[in-house]
2 protein chains.
Amino acid sequence: MVTIYDIAKHSGYSIATVSKALNNKHVSDKARVKIMDAVNELHYTPNSSARTLATSKSWIIGIVFDENLGFGLAHPFFSQVIEGFKKHVELYNYDLLFVSRHMGLQEETYKHLLHRGVDGIAVIQSFGEDELRDINMTIPAVYIDRPTSEPGSVYSDNRSGSRLAVNHLADCGHKKIAHIMGDQTTYAGIQRAEGFKEAMAANGLEVRPEYLVDGGYYSQAGGREAMIRLLSLEDKPTAVYAAGDEMAIAAIRVIKESGLKVPEDISVIGFDDIKLAQHIDPPLTTIRQDKEMIGRQAAIMLLDKISHTEESGKDIRKMVPVTLVKRQSVKRIN
Amino acid sequence: MVTIYDIAKHSGYSIATVSKALNNKHVSDKARVKIMDAVNELHYTPNSSARTLATSKSWIIGIVFDENLGFGLAHPFFSQVIEGFKKHVELYNYDLLFVSRHMGLQEETYKHLLHRGVDGIAVIQSFGEDELRDINMTIPAVYIDRPTSEPGSVYSDNRSGSRLAVNHLADCGHKKIAHIMGDQTTYAGIQRAEGFKEAMAANGLEVRPEYLVDGGYYSQAGGREAMIRLLSLEDKPTAVYAAGDEMAIAAIRVIKESGLKVPEDISVIGFDDIKLAQHIDPPLTTIRQDKEMIGRQAAIMLLDKISHTEESGKDIRKMVPVTLVKRQSVKRIN
DNA sequence: TTAATTATGTAAAGCGCTTTCGATAGGAGA
DNA sequence: TCTCCTATCGAAAGCGCTTTACATAATTAA
């Protein structure tokens, strides 16, 4: 391995000067040129461990997400968020570290991140407690997809999303609207359900308890269960708003299997706008989350925290807007 | 930050002994207990930079993929491969580093990885030259989705995949079979096209030049173009085998738009088995790549290279099998 | 010409850890 | 009792880099 000493020797300057030249501190032009020549000639690359050790700055951001629930790298929503996040932070020369989880305990994960000396942490995990918090966290962090007790979180405007969905359904003449809720320990699930109730009230619509069913963790399996329950009702809804696209898709399938049609018999609207949404039959009307934007905002917020380490903006919670995308799973009725 | 010195002071032993205790070298039981007590009490976490500096072992594996073509974190195929890869390496306590690309040059990327001192590199990039190779690469690496001039690559058995596809089509009575090729600078694209020709020959079928169209980089846009070209032909094919699901999906859409039906008028078969495949109408018959397995095999191979640094098995190329999954986009004709 | 600045470069300490090699103490063997 | 091992621990060097504090050379001002 070629080190800064080699460069020093080769260029005739001391390692101190070499270091300065490499870090754009002031050295004479002559020195800079000679040093850079040596660098190129010897193919020198500084060692980041040594640098990190000396500066306590790693230029690494740790990513934590909960893989127990399948919210991993391959998750359609989170992977896009991360992508947006990455695109932004790499502009500032940060690399991303995905740490291994060793099953479970947040504390372990946090310790590991501490061990790695990351400059910041992005947590993508929509449910559960602020466990990292309790561990006396000192590393700047940002939470994605749910607010936290401490500043630094970005998430979609879930309530507005529900309002958009319900209003659209109401505009189309629907009165008997059901809601397949996302898991009620997740922030998004709670907010979407609350928003649903509010919007129903605002439209002068009744929310019947039997129309409020839990679809669990946004999976197709959960959506399936929920929709079956809904279809077993004597007085079926004419429209269902599912708190996630996967659930909506499963719901549509169940409806079709039962011999009914979407949207002729029952309208369905989802949440997320995953890629799949536009490809199913009928194309799914849904509330789009701006994943790219969520990632970017999270990145901006985290970088800000990292640089203004002293308690910058107090209570930063960034809500990113959602939009209604109309496709063909909702129909006007009279 | 609490360091090994704090533990030494607190436990009454020297840092050397503390280090040994921490690394499971032999120390007396008494010392071990006292030291561990101190570790727990002070919430000590070793600093990985310091450790890496001293041992030149980082426990980090760098991931490189080409984001220019959209093969990023959110890519349905690669993200699953990485997930499989990650699941395996984390068993051995490696973390994954996604480095920022700074646009283009492989050399930059490699230098950056060198700078980071990663223990190994996984390259996910199916086209272009073995650029990393030329840079006098010394870090163990494994290539995913294409073979390389040096040992260490894992990829699907693309030729067999084509054979599976063509045989299935032929078995169903199709004779006029077209192939929407993947980009012919990618290994997979080339192999699938070759396999197609071979299998056609093996079935005594003619491969007409006008039935061989390039779909580009596996995108829907490319598939769309290609299919339009095919439909403009006087004598249309009765079946088309697309080298990627996205292209197949686009093809189906084009066919439907033209007023024809899938599979009644034209059968379509894809390659990959992305999640979308089962949700479109009709559900897509396709060749499934075992992404999880590809990732795992790559991980196994890389870890092996890392430990047996001395040129272990010479020419390791692992081909993972593909399977035909029959759904409803292919129909028997007479 | 001389004193006062300023520009430029370097020695040395320190970041937190591992590891070699030697020191010491206690126990075994004779 | 004395010598020789063994077991256990620690001093110190070193990993590659940054940074402070200072020395020296080059300029400028007077």
Side-chain angles (χ1 to χ4, degrees), chain A residues 1-39 42-60 93 111-119 138-139, chain B residues 1-39 42-60 93 111-119 138-139:
Chain A
M1 159 165 252
V2 23
T3 76
I4 201 171
Y5 287 92
D6 300 312
I7 303 301
K9 205 169 301 165
H10 202 269
S11 66
Y13 287 90
S14 71
I15 62 162
T17 304
V18 172
S19 174
K20 281 176 187 157
L22 290 169
N23 291 286
N24 296 315
K25 316 247 165 156
H26 187 76
V27 296
S28 68
D29 288 346
K30 192 175 130 205
R32 161 163 288 106
V33 169
K34 283 202 146 189
I35 288 170
M36 286 313 178
D37 283 352
V39 165
L42 303 186
H43 297 297
Y44 168 72
T45 320
N47 176 312
S48 79
S49 295
R51 187 180 294 207
T52 297
L53 186 55
T55 59
S56 26
K57 169 85 183 173
S58 67
W59 296 100
I60 291 180
N93 296 311
K111 266 203 166 170
H112 192 72
L113 257 4
L114 205 56
H115 159 76
R116 284 299 189 187
V118 298
D119 293 335
T138 56
I139 306 176
Chain B
M1 158 165 251
V2 23
T3 75
I4 202 172
Y5 287 92
D6 300 312
I7 302 300
K9 207 169 299 167
H10 202 269
S11 66
Y13 286 89
S14 73
I15 61 162
T17 304
V18 172
S19 173
K20 282 172 190 158
L22 255 23
N23 290 288
N24 297 314
K25 316 246 166 161
H26 187 76
V27 296
S28 67
D29 287 348
K30 193 174 131 204
R32 163 163 286 107
V33 169
K34 282 201 148 189
I35 288 170
M36 286 313 177
D37 283 352
V39 165
L42 303 186
H43 297 296
Y44 168 72
T45 321
N47 176 312
S48 79
S49 295
R51 186 179 296 206
T52 297
L53 186 55
T55 59
S56 27
K57 168 83 183 174
S58 66
W59 295 100
I60 291 180
N93 296 311
K111 266 202 166 174
H112 192 72
L113 256 5
L114 205 55
H115 158 76
R116 285 298 190 188
V118 298
D119 294 335
T138 56
I139 306 176

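Because the structure is a prediction, the values reported are computed rather than measured. Convention: sequence-line order gives letters A, B, ...; per-chain numbering from 1.
Within the structure, salt bridge (Lys or Arg N to Asp or Glu O under 4.0 Å) contacts touching residues 7-22 of chain A (residues at least two apart or in different chains) do not occur.
Between the axis at the start and the axis at the end of the helix from C:dT1-D:dA30 to C:dA30-D:dT1 there is an angle of 40°, using five pairs per end and rounding to 10 degrees.
Between the A:S48 side chain and the B:H115 main chain, a donor and an acceptor come within less than 3.5 Å of each other. Under the 3.5 Å distance criterion, the side-chain polar atoms of B:S58 are matched with a main-chain donor or acceptor of B:G117.
Residues that satisfy the ring pair (Phe, Tyr, Trp, His ring centres under 6.0 Å) test with B:H10, not counting sequence neighbours, are absent from this structure. Legend: residues meeting side chain to side chain contact (heavy atoms under 4.5 Å, CB included) with A:D37, ordered by chain and number and at least two apart, are A:V33. Residues satisfying the side chain to side chain contact (heavy atoms under 4.5 Å, CB included) criterion with B:I15, sequence neighbours excluded, are B:I4, B:Y5, B:A8. With sequence neighbours left out, the side chain to side chain contact (heavy atoms under 4.5 Å, CB included) criterion links A:S28 to A:K30, A:A31. Every residue two or more places apart in sequence or in another chain was checked for a side chain to side chain donor-acceptor pair (under 3.5 Å) with B:S49, and none qualifies. Taking B:A54 as the reference, nothing meets the side chain to side chain contact (heavy atoms under 4.5 Å, CB included) condition, with sequence neighbours excluded. Among residues two or more places apart in sequence or in another chain, the side chain to side chain donor-acceptor pair (under 3.5 Å) test is passed with B:T17 by B:S14.
Two residues are said to be in side-chain contact when any heavy atoms from C-beta on lie closer than 4.5 Å; A:Y44 and A:L22 meet this criterion. Residues A:R116 and A:I60 are not in side-chain contact: their nearest non-hydrogen atoms beyond the backbone lie 4.5 Å or more apart.
Between A:A21 and A:I35 the shortest heavy-atom distance is CB-CD1, 3.8 Å.
At a threshold of 4.0 angstrom between heavy atoms, the contacts of B:T3 are confined to the sugar-phosphate backbone, with no base atom among them. Among the atoms of the strands shown, only primed sugar atoms or phosphate atoms (P, OP1, OP2) are found under 4.0 Å from some heavy atom of A:T55.
For DNA chain C, the residues of residues 25-38 of chain A within the heavy-atom distance limit of 4.0 Å (strictly under) are A:H26, A:V27, A:S28, A:A31, sorted by number. Non-hydrogen atoms lying under 4.0 Å from DNA chain D are contributed by A:I4, A:Y5, A:I15, A:A16, all within residues 4-16 of chain A.
When DNA chain D is scanned 5' to 3' for any atom under 4.0 Å from a heavy atom of chain B, the first and last hits are D:dT8 to D:dG16.
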